[in-house]
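These notes concern the structure reproduced below.
Numbering starts at 1 and runs along the sequence shown. Below, all heavy atoms of this structure are taken into account, side chains as well, without hydrogens, waters or symmetry copies.
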Amino acid sequence: MATKTVRGMRMVGRKREKRTNQRTRNVLARTHPQAHVEEGRTATFPKPGPFQRQEDGFEVTVVGAGPAGLGVAARLAGFGAKVAVVAPALQKPWPNNYGVWIDEFRAMGLEDCVDHVWEEAVVQLNTGSEHTRQLKRPYGRVDRKKLKTKLMRECIDNGVQFLEEKVNGVEHRQGTSYLDIEGHGELPSSIVVDATGHFRKLVEFDAEFNPGYQGAYGILVEVESHPFDINKMLFMDWRDDYAVDKNIKQRCQDLPTFLYAMPFSETYIFLEETSLVARPAAPFDDLKERLEARMKHLGIKVKHIEEEEYCLIPMGGVLPKFPQRVIGVGGTAGMVHPSTGYMISRVLGAVPSISDAIMDQLTLFGKQKSGNGNGSIPSEGLMRACSEVQAEVACGQIWHVVWPSERLYQREFFCFGMDVLLRLDLQQTREFFDAFFGLSAYNWQGFLSARLSFGELFIFGLALFGNASTEARISLLVQGIPGLLQLLLNVAKGYPQPEDLLEKDETQGLLKV
């Protein structure tokens with residue numbers, strides 16, 4: 001029976017094992033293609049001991065147990081902070097089929113958390129070999145069980161306390177945050193981290209959240225056969241020759257979608273029909289109908305469906321207001337790439353700097369609490385703000401690490417790219433990606449992995465325009481000028497620096513955010 005999952009994000013990273021080990025893993029996947037699926041579905045993870053409620057609460061409470069939340073909790077606890085993770089269904093496997101670029105995961109030391117690697121990826125812009133683009137960049141699928149096990153084990157070994165419950169809300173009083181825990185009352189914490197993904201459980205917004213949406217319908221299936229090269233991952237297939245029905249054909253023209261495929265063996269494959277970005281989101285029924293029409297056209301006959309995914313990823317839109325007293329990481333902080341929908345490498349790569357910033361502020365709490373002239377932190381008790389003002393200032397400093405100015409400018413460019421993609425029809429989309437993947441590897445890889453600086457992104461934009469056909473240039477100008485003007489206006493306004501977030505309260509003589 002199929003397992004139906006709703007996927008809230010696709011993650012980006014990149015990683016490859018040593019060649020001998022990876023070959024062994026891939027051979028096992030081909031000879032026992034269902035083994036890793038059954039293992040993931042029935043997965044059990046390291047079980048933490050009973051929750052030990054601290055009288056004064058914790059220094060950091062992380063709400064959510066996805067990659068971002070577990071990563072932050074593990075690192076902070078490793079520094080000696082008293083950390084709790086609160087989330088429902090801790091033993092439930094992550095549902096997402098995370099596709100990653102191998103070089104990104106390797107850089108983070110996560111090479112052991114990928115269960116299949118393709119040495120190349122392929123983009124098919126249209127029918128015919130002349131429309132095929134080979135991407136010489138290894139691509140892999142994350143071993144969801146192994147990654148979650150690795151992060152949970154690190155948390156447990158470092159002393160993180162786990163509470164398997166829902167959080168209903170949070171209040172902030174006199175420098176302490178009080179979480180309302182289902183069935184447990186209030187849980188005090190010096191700093192609260194919201195890692196609930198796109199649920200955005202605790203972070204606050206001061207404007208309407210109106211993102212674009214990446215929608216996808218996918219199935220992990222055993223088939224009689226399929227036409228794809230098992231040594232290459234199909235990154236994008238924009239062909240519409242499968243759309244013999246006039247109604248589907250017109251929908252393809254108006255709202256382009258592509259096939260994303262991971263062939264694990266000759267008879268085992270993950271297939272996903274994806275709308276790159278749309279507003280409103282592409283209906284799942286439409287995506288499913290297109291995928292079924294593709295499979296019929298390609299002669300793919302399903303023997304058994306292992307997993308069925310319904311994926312909806314908010315892209316772009318307003319960021320949470322900041323500073324604010326709850327720290328956001330991952331999807332809840334708007335860290336999804338607005339032009340691609342990828343996030344996992346960006347999030348896991350940001351864990352060290354965000355965790356270090358939190359620890360720095362906790363240390364300052366401790367030094368002020370000790371009152372020692374030598375600046376030492378207290379050996380007993382919690383590191384906690386002495387006032388609400390101090391807590392607000394500290395969280396302002398942390399938010400500036402979550403979203404430094406350079407990242408904010410970079411995100412403006414990515415949102416500009418998203419707005420352009422929203423306006424393109426199928427032919428214009430093909431022309432766009434023909435120009436995009438015709439750029440140097442430094443440019444297209446840097447864009448997908450969010451490695452290009454804001455200045456480099458403008459050079460990237462000029463190179464993309466220069467590499468485009470005459471027709472594509474015209475469409476880029478027509479569709480892009482309004483967004484470009486908005487981008488320049490937003491950049492001209494600038495973003496506040498940490499010191500700009502502090503102003504004197506004339507009545508009390510205190511610094512406030």
Legend entry - The single option from V193, V347, V203, I358 passing side-chain contact (heavy atoms from CB on, under 4.5 Å) against V329: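 So, applying the side-chain contact (heavy atoms from CB on, under 4.5 Å) to V329 and each of V193, V347, V203, I358, only V193 qualifies.
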Could you check whether any side-chain N or O of [X] sits under 3.5 Å from a backbone N or O of [Y], counting only pairs where one atom can act as donor and the other as acceptor?
| X | Y | result |
| --- | --- | --- |
| D425 | Q253 | no |
| E120 | K136 | no |
| R144 | P93 | no |
| H337 | M315 | no |

Inset, instruction - State whether the number of non-hydrogen atoms from other residues, nucleotides or ligands found under 6.0 Å of K201 atom NZ is greater than 12. - result: yes
Do [Y] and [X] meet the salt-bridge criterion of a basic N to acidic O distance under 4.0 Å?
| X | Y | value |
| --- | --- | --- |
| R239 | D241 | no |
| R290 | D286 | yes |
| E308 | K288 | yes |
| R133 | D434 | yes |
| R251 | E273 | no |

Legend entry - Result of checking Y139, Y98, F264 against H116 for ring-ring contact (aromatic ring centres under 6.0 Å, His included):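 Of the listed residues Y139, Y98, F264, the ring-ring contact (aromatic ring centres under 6.0 Å, His included) partner of H116 is F264.
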Inset, instruction - Apply the test side-chain contact (heavy atoms from CB on, under 4.5 Å) to residues W403 and R411: give CA-CA distance (whole Å), side-chain angles for both, the deciding distance (0.1 Å), then the verdict. - result: CA-CA 10 Å; W403 278 111; R411 187 177 188 272; 3.4 Å; yes
Inset, instruction - State which residues pass side-chain hydrogen bond (donor to acceptor under 3.5 Å, both in side chains) with T196; sequence neighbours excluded, sorted by chain then number. - result: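 T196 satisfies side-chain hydrogen bond (donor to acceptor under 3.5 Å, both in side chains) with D194 once adjacent residues are dropped.
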Which atoms form the tightest heavy-atom contact between [X] and [Y], and what is the distance?
| X | Y | answer |
| --- | --- | --- |
| P138 | V117 | CB-CG1, 4.4 Å |
| G99 | Y342 | O-CE2, 3.6 Å |
| Y242 | T257 | OH-OG1, 4.2 Å |

Inset, instruction - Would you check, one step at a time, whether the test side-chain contact (heavy atoms from CB on, under 4.5 Å) holds for R451 with E104? - result: CA-CA 11 Å; R451 290 197 298 244; E104 293 177 356; 4.1 Å; yes
Inset, instruction - Just jot down the ring pair (Phe, Tyr, Trp, His ring centres under 6.0 Å) partners of Y442, sequence neighbours excluded, or say none. - result: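 Residues passing ring pair (Phe, Tyr, Trp, His ring centres under 6.0 Å) with Y442: none at all.
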Legend entry - Counterpart residues, side chain to side chain contact (heavy atoms under 4.5 Å, CB included), relative to A65 (two or more places apart):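 Testing A65 for side chain to side chain contact (heavy atoms under 4.5 Å, CB included), a comparison that skips the adjacent residues, returns L70, V85, A87, L90.
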Legend entry - Value rounded to 0.5 Å, distance of CD1 in I300 from CD1 in I219: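 Separation between the atoms: 8.5 Å.
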